[in-house]
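Structure record follows, encoded as structure tokens.
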Amino acid sequence: MNALQEYLDQNGVTRYQVAKQTGIANTTLANAVEETKPLSGQTVKVITTVAQALGKTPGQVLDDLIELDEDNSK
């Protein structure tokens with residue numbers, strides 16, 4: 001599973017909710033959570049909007065995603 005999608009699932013938020021709250025296009029989020037999309041390919045825009053939707057800083061989201069990605073690669 002894509003790390004970003006797993007992160008959204010863990011935080012109980014859907015792509016639709018993030019798009020609705022932040023104004024980012026749902027297609028942008030759909031591309032970001034494709035199975036083949038590596039964490040290193042995520043954009044600042046996506047990380048920032050997810051952070052905004054969750055009430056976190058982009059740094060917190062990125063740290064969480066890196067930890068999740070490392071855990072999944074073990």
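Reckoned from all heavy atoms, side chains included, excluding hydrogens, waters and symmetry mates.
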For [X], all residues meeting side-chain hydrogen bond (donor to acceptor under 3.5 Å, both in side chains), sequence neighbours excluded:
X	answer
Gln21	none
Asn11	none
Asp9	Gln5
Thr14	Gln17

### Query
For the residue pair Ala51 and Pro58, what are the closest heavy atoms and their distance?
CB-N, 3.6 Å

### Task
Search all heavy atoms of Ala3 against all heavy atoms of Asp69 and return the closest pair with its distance.
CB-OD1, 4.1 Å

## Note on the structure
Besides Met1, the hydrophobic cluster formed by Ile, Leu, Val, Met, Phe, Trp and Tyr side chains linked at under 4.5 Å, directly or via other members, contains none

### Query
Residues sharing Leu4's hydrophobic cluster, by side-chain heavy-atom contacts under 4.5 Å among ILVMFWY, directly or via others?
Tyr7, Leu8, Val13, Val18, Ile24, Leu29, Val33, Leu39, Val46, Ile47, Val50, Leu54, Val61, Leu62, Leu65, Ile66, Leu68

### Counterpart residues, side-chain contact (heavy atoms from CB on, under 4.5 Å), relative to Ala25 (two or more places apart)
Thr27, Thr28

#### Entry: Residues that Asp64 engages under salt bridge (charged side-chain N to carboxylate O under 4.0 Å, His left out), provided they are two or more places apart
Lys56

#### Entry: Pairwise side-chain hydrogen bond (donor to acceptor under 3.5 Å, both in side chains) hits with a residue in residues 32-42, at least two apart
none

### Backbone N/O of Ala32 and side chain of Asn2: donor-acceptor pair under 3.5 Å
yes

